[in-house]
Amino acid sequence: MGMKIYNSLNRRLEDFEPLNPEQVTIYSCGPTVYDYIHMGNARTALVTDIIRRYLLYKGYNVKLVQNLTDIDDKIIRRAAELGISVKQLAHQNGEAYFEDSQRLGIQPADVHPKATEHIREMIDLIQILIDKGAAYVVDGSVYYRVDQFAEYGKLSNRKPEDLLAGARVEINEEKEDPRDFDMWKAAKPGEPSWDSPWGKGRPGWHIECSAMAMKHLGETIDIHAGGEDLLFPHHENEIAQSELATGVTFARYWMHVAFLKIDGKRMGKSEKNFILLRDALDHYPTEVIRHFLISAHYRHPLDYNQESLTKSEGALRRLNNCLDTLKQYDGEVGLNEKTDVPLQHAVQEMKARFTQAMDTDFNTAQALGAIFSLVSEVNKAFNTLDEMAAPVLAEAYQALAETCQVLGIYNNVETQEETGDNVEQRDELVKLLLEIRQEARNRKDWETSDKIRDRLKELNIQIQDTHHSTTWKFTTK
RNA sequence: GGUGGCGUAGCCAAGUGGUAAGGCCAGGGCCUGCAAAGCUCUUAUUCGUCGGUUCGAUUCCGACCGCCACCUCCA
């Protein structure tokens with residue numbers, strides 16, 4: 001079965017067919033770097049990350065471009081407040097963005113273009129639009145003439161009259177039409193500016209995405225993603241600029257991520273009710289936050305609260321307990337046609353359900369359901385299977401590790417450097433303690449055995465008695 | 001005023017024109033010296049309300065109620 005993506009342009013689920021089967025192109029609207037990113041920003045970035053991971057899992061080549069808006073009103077204002085240069089503020093927050101993203105397990109895009117490094121491309125694009133009569137210059141500013149683009153409003157499903165009646169349209173005497181938007185802002189005293197054919201100034205917001213997407217991905221891109229607040233006017237304006245300039249479709253699939261809420265309201269910087277991603281990461285592991293953010297479908301609102309994070313913690317614990325136990329079978333071979341245990345079917349079913357879920361507009365919530373169903377089956381199997389089933393358990397491990405890594409909820413990397421004399425010594429010490437405890441247990445000296453268990457737990461080492469042995473592992477808390 | 005979305009068990013959350021995935025929490029049982037982990041049973045005859053279409057609707061249509069968002073910078 002092929003993939004389907006919900007396209008905001010038609011508000012329908014559509015079959016996904018990349019323009020060039022060799023390479024899927026994705027443009028994701030990135031942050032304006034005037035501050036650290038919050039959990040809502042993280043949700044959008046994470047969705048993009050998972051879309052890319054899944055497309056790679058499906059065998060596509062992907063080129064992902066995500067911009068950094070490093071010049072705008074908010075950055076100028078914030079820099080002034082802090083008494084540092086715009087450039088410095090943007091640089092600091094840009095670096096912080098990469099750091100935070102990386103901590104959330106988000107892999108860097110192939111290109112992270114910055115607005116200030118593409119002034120030339122933006123000027124060229126604006127000039128094309130002026131030449132076509134789609135833009136006009138007033139006192140050093142350039143505005144887009146909305147009524148020149150017949151399809152204006154096709155993304156946001158708005159008619160020209162809808163945009164005027166009752167709408168909160170900025171009053172600006174310079175504009176011919178209130179709907180027109182600026183592509184180039186004439187310089188104001190003290191603000192950063194660049195030379196242009198229309199005098200010193202700086203780019204408007206929407207033009208950067210058009211220019212940078214086209215430069216790095218071509219005139220037509222496959223997927224354009226962003227938060228749902230960008231649908232109008234940002235994305236509508238990107239379409240207007242790009243398509244009038246090139247005459248071809250700008251983006252074939254528009255994807256919009258629903259808001260993260262907090263206490264039932266949109267988490268937003270202007271409401272001052274946001275949780276910074278870096279603060280959340282200080283309290284919860286990467287995988288827990290990722291699990292929380294993908295526990296609902298990306299087009300549905302999700303409410304941030306401590307209870308939900310606690311639920312994700314519990315779910316991750318269940319998953320990791322299973323994977324930790326399964327991992328020891330990794331590498332077991334010997335599976336053949338004669339091997340026939342029910343778990344094999346469960347593995348196949350999980351893979352099929354996972355793919356089906358992700359194929360259908362990246363339904364991560366449903367994909368998690370498939371994964372946890374197999375976790376249940378594996379746990380049951382532990383109680384009943386004999387050692388002959390080891391290859392099947394290895395297969396289950398592979399399937400779970402692979403799918404969980406698409407979602408980024410399984411950290412298979414050893415947390416500490418698992419080499420060196422200290423580590424060996426540590427392991428031997430734990431082993432020694434467990435031996436002493438076993439001896440105590442043998443003579444029913446529960447006081448001593450429980451003391452060892454309790455004290456180890458205080459040291460974040462959790463031990464478990466099974467039928468024939470005692471296992472131990474590190475815990476996070 | 002315009003546009004769009006949401007309302008599923010105690011909580012979170014998938015989903016389908018044919019009788020409700022998964023997770024968290026809770027309680028009983030099994031296992032265990034006790035824990036932990038795991039298993040197991042219990043937890044929505046029901047999917048905001050009221051109508052309609054249909055052999056049959058939670059799923060389609062209409063009305064209503066409630067909530068949210070965009071139309072202004074915001075992922």
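Reminder, nothing fancy here: chain letters follow the sequence lines and each chain counts from 1. All values derive from a computational prediction rather than experimental measurement. In what follows, every heavy atom counts, from backbone to side chain, and hydrogens, waters and symmetry copies are set aside.
One C1' atom belongs to B/G7, the other to B/U46, and the distance between them is 15 Å to the nearest Å. Nucleotides B/C64 and B/A21, compared at atom C1', are 31 Å apart to the nearest Å. Comparing the P positions of B/G33 and B/A44 gives an interatomic distance of 36 Å, to the nearest angstrom. Taking atom C1' on both B/U43 and B/C24, the two are 14 Å apart, rounded to the nearest angstrom. Of the P atoms belonging to B/C12 and B/C68, the separation is 15 Å, rounded to the nearest Å. As rounded to the nearest Å, B/U49 and B/U8 have C1' atoms that lie 15 Å from one another.
Here B/A69 presents its C1' atom at 15 Å from CE of A/Met267, a figure rounded to the nearest Å. One interatomic measurement links the two molecules: CG of A/Asn157 to C1' of B/G5, which rounds to 13 Å at whole-angstrom precision. What separates CZ of A/Arg299 from P of B/C6 is a distance of 8 Å, to the nearest Å. In this structure, CG of A/Asp445 is placed 15 Å from P of B/G33, rounded to the nearest angstrom. As a whole-Å value, the separation of A/Glu208 CD from B/A75 C1' is 14 Å. Between A/Ile371 atom CD1 and B/A13 atom C1' there is a gap of 15 Å when expressed in whole angstrom units. Distance CZ (A/Phe259) to C1' (B/C6): 14 Å, rounded to an integer number of Å. If you take OH of A/Tyr6 and P of B/G15, they are 13 Å apart, rounded to a whole angstrom.
Distances were taken from every side-chain heavy atom of A/His300 (C-beta onward) to each of B/A69, B/C6, B/C73; the shortest belongs to B/C6. Nearest to the side chain of A/Asn321, among B/A69, B/A75, B/A37, sits B/A37. In this structure, of B/C34, B/A75, B/G38, it is B/C34 that holds the atom nearest to the side chain of A/Arg453. Of the candidates B/C39, B/A14, B/G33, the closest approach to any side-chain atom of A/Ser449 belongs to B/G33.
When the side-chain nitrogen and oxygen atoms of A/Lys265 are compared with OP1 and OP2 of B/C68, one or more of them lie within a distance under 4.0 Å. Residue A/Asn363 has no polar side-chain atom (N or O) positioned under 4.0 Å from OP1 or OP2 of B/A14. Taking only side-chain nitrogens and oxygens, A/Lys380 comes nearer than 4.0 Å to OP1 or OP2 of B/U40. OP1 or OP2 of B/C70 sits under 4.0 Å from a side-chain N or O of A/Arg266.
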Protein proximity profile, nucleotides 18-32 of chain B - base contact B, sugar-phosphate-only contact S, no contact -, cut-off 4.0 Å on heavy atoms: ---BSBS------S-
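Using a distance-only test at 3.5 Å, with no hydrogens or angles considered, a donor-acceptor pair links the side chain of A/Asn7 to the main chain of A/Arg252. A donor-acceptor distance shorter than 3.5 angstrom exists from the side chain of A/Tyr54 to the backbone of A/Thr355, with no hydrogens or angles considered. For the pair A/Gln328 (side chain) and A/Thr325 (backbone), a donor-acceptor distance under 3.5 Å is present. Here the side chain of A/His112 pairs a donor or acceptor atom with the backbone of A/Ala109 at under 3.5 angstrom.
When heavy atoms are screened at a 4.0 angstrom cut-off, A/Phe382 is found touching no nucleic acid atom at all. At a threshold of 4.0 angstrom between heavy atoms, the contacts of A/Ala42 with the nucleic acid are absent. Across all strands shown, A/Leu260 has heavy atoms under 4.0 Å from base atoms, whether or not it also approaches the sugar-phosphate. Contact annotation for A/Ile463: base contact, defined as any heavy-atom pair under 4.0 Å involving a base atom. Within 4.0 Å of A/Gly226, counting heavy atoms only, lie sugar-phosphate atoms of the nucleic acid but no base atom. Within 4.0 Å of A/Asp450, counting heavy atoms only, lies at least one base atom of the nucleic acid. At the heavy-atom level, A/Leu230 lies under 4.0 Å from the strands shown only through sugar-phosphate atoms. As judged by a 4.0 angstrom heavy-atom cut-off over every strand, A/His297 is placed among residues touching the sugar-phosphate backbone only. Residue A/Lys444 is out of contact with every strand shown, counting any heavy-atom pair closer than 4.0 Å. Residue contacts for A/Arg437: at a heavy-atom cut-off of 4.0 Å it reaches a base atom on one of the strands shown.
Taking the six-membered ring where tryptophan is involved, the planes of A/Phe250 and A/Trp254 are tilted, since the angle between them lies from 30° to 60°.
In this structure, A/Trp446 packs face-to-face on the six-membered ring of B/G33, meeting both the 5.5 Å centre cutoff and the 30° plane limit.
Cation-pi geometry between A/Lys63 and A/Tyr27 is not satisfied (NZ or CZ under 6.0 Å from the ring centre, within 45° of the ring normal).
Between A/His235 and A/His206, the side chains place no donor N or O within less than 3.5 Å of an acceptor N or O (distance only, hydrogens not considered).
Within a 6.0 Å radius of CD in A/Glu81, other residues, nucleotides and ligands contribute more than 12 heavy atoms.
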